[in-house]
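Here you go, one structure.
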Number of protein chains: 2
Amino acid sequence: METADTKERILEASQALVQVRGFNAFSYRDLAESVGIRTASIHYYFPRKDDLALSLVRRYHEGFRQILRQIESREVRSEGRLASYLNLFSSLSEDGLRLCLFGVFSADAASLSEEVLMEIRAFCDTNVDWVSKVLKAGQKEGAFSFSGSPLELARGIFALMEGELLVRRALRAPGPPPGIPPVVRALLSCRGDGPFAATDHIP
Amino acid sequence: METADTKERILEASQALVQVRGFNAFSYRDLAESVGIRTASIHYYFPRKDDLALSLVRRYHEGFRQILRQIESREVRSEGRLASYLNLFSSLSEDGLRLCLFGVFSADAASLSEEVLMEIRAFCDTNVDWVSKVLKAGQKEGAFSFSGSPLELARGIFALMEGELLVRRALRAPGPPPGIPPVVRALLSCRGDGPFAATDHIP
DNA sequence: GACAACCTATCTATCGATAGGTAGAATCTC
DNA sequence: GAGATTCTACCTATCGATAGATAGGTTGTC
């Protein structure tokens with residue numbers, strides 16, 4: 001039999017399929033072939049496709065939170081933290097024009113259970129809250145100067161990142177060079193100018 | 001038999017289904033029921049589902065261009081033009097949390113033909129070019145003051161709008177009040193302050 | 001009667017899902 | 001510690017439902 005981590009391999013493979021094709025555009029057969037097992041074995045771990053979706057989002061959310069903690073421990077300055085954060089999304093689209101799970105599941109929201117949707121919303125909140133916190137701190141430090149609500153701005157930045165992924169995929173454009181992109185820089189009227197060699201990757 | 005516009009009714013109904021559910025999440029059966037005809041009749045007009053996708057995007061693109069022309073003829077000032085444009089997206093999410101066709105098809109890109117993808121890219125270009133033009137004009141008028149490339153900023157605004165639709169759907173949040181949202185206003189450092197009663201709607 | 005605009009009926013392929021079987025590891029019983 | 005039992009981790013085979021698609025008939029219009 002397989003050593004152990006079959007479940008993890010299923011999650012890994014299905015995440016790639018979701019990010020590239022969308023949740024309704026791959027089947028248990030595709031997934032089984034990708035992992036090298038039978039469809040029944042996937043049902044053993046994830047009885048219904050919705051179970052898979054839920055595990056996928058929870059895992060993704062947890063992975064994201066972990067990366068955010070890493071960023072906080074590595075980058076001290078707010079601007080570095082923000083640059084690292086933005087780089088997460090750039091690295092995504094470099095890797096086969098993948099979308100963020102949030103974007104995919106939000107687009108496919110109509111065919112997902114309420115449980116999955118709640119987790120999707122929680123992921124969004126995690127992002128917006130974290131960015132908002134960084135913005136507030138950066139404002140105090142004097143790194144960013146913006147008027148208006150940090151929360152509202154944070155939501156805008158998150159939306160911008162999600163939208164950028166869609167646009168980059170449509171245009172088949174790779175991610176921009178690391179650092180804070182000009183648009184966000186304009187948004188913040190921040191003066192720093194990197195480059196920030198942020199190297200985190202969304203799993 | 002039916003008067004004439006069955007084709008148009010099919011397009012209308014399928015666009016709603018695409019915007020709410022996604023392209024891979026509705027069937028010819030769903031569509032047939034929605035229109036009140038049989039699936040074979042849909043195949044009569046759109047032999048393959050990809051034909052439907054192509055007609056859908058082309059129609060959407062044309063509709064968008066028409067609205068942009070209307071905006072130009074109605075709004076003289078750049079700020080009014082931009083506000084009307086942004087309002088198109090807000091009105092979308094008010095109507096049953098629909099997504100823009102661009103967002104949906106970009107998310108489902110992996111299962112679409114090259115022909116459809118080209119049309120998707122053309123739609124993106126139309127938007128970015130139009131916004132860019134308005135930004136340049138507004139800069140000359142003195143309505144907007146921003147540094148950096150208008151084209152890059154325009155792309156950012158388009159991405160922001162697409163991303164906002166995803167976020168609003170996930171959060172089940174209705175569209176914001178009409179006018180230029182604070183985030184975009186910050187982006188442009190523009191001083192006008194509406195309100196702009198833009199009333200265009202994406203078909 | 002020719003054509004357009006539908007229909008009924010049906011096809012093949014594939015979907016998610018389930019039933020039931022099995023090899024081998026783990027655990028319990030004495 | 002040997003044998004019986006149970007559990008884990010898969011498998012084969014197949015289900016009913018549904019996907020997109022097609023052949024060929026019917027009906028209304030000109």
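Note that the coordinates shown come from a computational prediction; the quantities given were computed from them, not determined experimentally. Chain identifiers are assigned alphabetically (A, B, ...) following the order of the sequence lines, protein sequences preceding nucleic acid strands; residue numbering begins at 1 within each chain.
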| task | Answer yes or no: does a side-chain N or O of A:Tyr45 lie under 4.0 Å from OP1 or OP2 of D:dT8? | result |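 False: A:Tyr45 side-chain N/O out of range (4.0 Å or more) of D:dT8 OP1/OP2.
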| Heavy atom of residues 28-39 of chain B under 4.0 Å from DNA chain C: which residues? |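 Going residue by residue through residues 28-39 of chain B, the ones with a heavy atom under 4.0 Å of DNA chain C turn out to be B:Ile37, B:Arg38.
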| said: Students often get this wrong, so: under 4.0 angstrom with heavy atoms, is B:Phe26 touching a base, only sugar-phosphate, or nothing? | reply: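 Contact class for B:Phe26: sugar-phosphate only.
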| field | For A:Leu97, side-chain contact (heavy atoms from CB on, under 4.5 Å) partners two or more places apart | value |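 Residues passing side-chain contact (heavy atoms from CB on, under 4.5 Å) with A:Leu97: A:Arg172.
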| C:dC15 OP1/OP2 closer than 4.0 Å to side-chain N/O of A:Ser27 |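 For C:dC15, OP1 or OP2 has a side-chain N or O of A:Ser27 closer than 4.0 Å.
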| message | At less than 4.0 Å, is any side-chain N or O atom of A:Tyr44 found next to OP1 or OP2 of D:dA9? Yes or no. | response |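 Yes, A:Tyr44 has a side-chain N/O under 4.0 Å of OP1/OP2 on D:dA9.
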| Quick one: is B:Thr6 getting a side-chain N or O under 4.0 Å of the C:dC6 phosphate, OP1 or OP2? |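 True: B:Thr6 side-chain N/O within range (under 4.0 Å) of C:dC6 OP1/OP2.
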| Toward the 5' end of DNA chain C, by each residue's nearest nucleotide, A:Arg48 or B:Ala40 |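 The residue closer to the strand's 5' end, by nearest nucleotide, is B:Ala40.
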| said: If we count only N and O atoms by modelled type, under 3.5 Å, do the side chains of A:Ser27 and A:Asp30 hold a donor and an acceptor together? | reply: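 The answer is yes; a qualifying pair exists.
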| In whole angstrom, what separates A:Phe46's CZ from C:dG16's P? |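 These atoms are roughly 15 Å apart.
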Scan the side chains in residues 147-158 of chain B for donor-acceptor partners under 3.5 Å anywhere in the protein, sequence neighbours excluded, and list what turns up.
{"residue": "B:Ser149", "atom": "OG", "partner": "B:Leu151", "partner atom": "N", "Å": "3.2"}
{"residue": "B:Ser149", "atom": "OG", "partner": "B:Glu152", "partner atom": "N", "Å": "3.0"}

| Option among B:Leu112, B:Val116, B:Asp50 that satisfies the side chain to side chain contact (heavy atoms under 4.5 Å, CB included) test with B:Phe23 |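 By the side chain to side chain contact (heavy atoms under 4.5 Å, CB included) criterion, B:Phe23 pairs with just one of B:Leu112, B:Val116, B:Asp50: B:Leu112.
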| request: Considering just the side-chain nitrogens and oxygens of B:Ser41, establish if one lies under 4.0 Å of OP1 or OP2 belonging to C:dA5. | output: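 No.
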